Every structure is written in structure tokens, then in C-alpha cells.
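For reference, the structure discussed in these notes is given below.
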Amino acid sequence: MVDIDGQQVQVGGDVIVAIDGQPVGQIEELRAIVQESAPGQQVTLTILRDGNERTLEVTLGERPATIP
């Protein structure tokens, strides 16, 4: 955990760098791409895991009505 602007944030894990070949540099870009996609749609994520680039096929689910 690290402190960012007074909030505790967990760090580590995969970093999404592209979705269906579209580069993702900021969370807003990822949200925009996902928002244009439909639940049940399969997409290819390009991620960095432990410094290595990998691709994953994932199926998008329904977005929750509220995010905790």
C-alpha cells in the first residue's frame, strides 16, 4: 500500500497497456474503450506482468450499477 493524496492505494499486479490493439496510457482511455464495448464481447488485453508483455483473451461482463 502507498499513500496517494491522503488515500491508501494497493500497488502491484498487471498493468493494461492496450485493449484490442488500442494503446491505453490512462485509466480514462481504458474506460472509454470498455464503455463502447458490449457485455459478453471478447477483447484482447495486452498487459505487463512482472515486466513482461503478455496478451490475454477476456470476456467483458456487466458493469455494476454502483462501484464501491
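Bear in mind that the values here come from a model prediction, so they are computed numbers and not experimental data.
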Check: [Y] and [X] side chains under 4.5 Å, non-hydrogen atoms:
X: Pro39; Y: Leu60; value: no
X: Val17; Y: Ile47; value: no
X: Leu56; Y: Thr44; value: no
X: Gln42; Y: Val58; value: no

Handout entry: Test salt bridge (Lys or Arg N to Asp or Glu O under 4.0 Å) applied to Asp20 - qualifying residues, sequence neighbours left out
Key =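 Salt bridge (Lys or Arg N to Asp or Glu O under 4.0 Å) check on Asp20 returns nothing, list empty.
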Exercise for the section: Looking only at non-hydrogen atoms, find the nearest pair between Gly21 and Pro23 and report the distance. Expected result: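 Closest heavy-atom pair between Gly21 and Pro23: O-CD, 3.4 Å.
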Exercise for the section: Working to the nearest 0.5 Å, report the span between CZ of Arg49 and CG of Asp14. Expected result: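 So the CZ of Arg49 and the CG of Asp14 are separated by 4.0 Å.
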Report, one line per pair, each donor and acceptor closer than 3.5 Å where one atom sits in a side chain of residues 24-33; sequence neighbours left out.
unit_1 : atom_1 : unit_2 : atom_2 : d
Glu29  : OE1    : Gly25  : N      : 2.4
Glu29  : OE1    : Gln26  : N      : 2.9

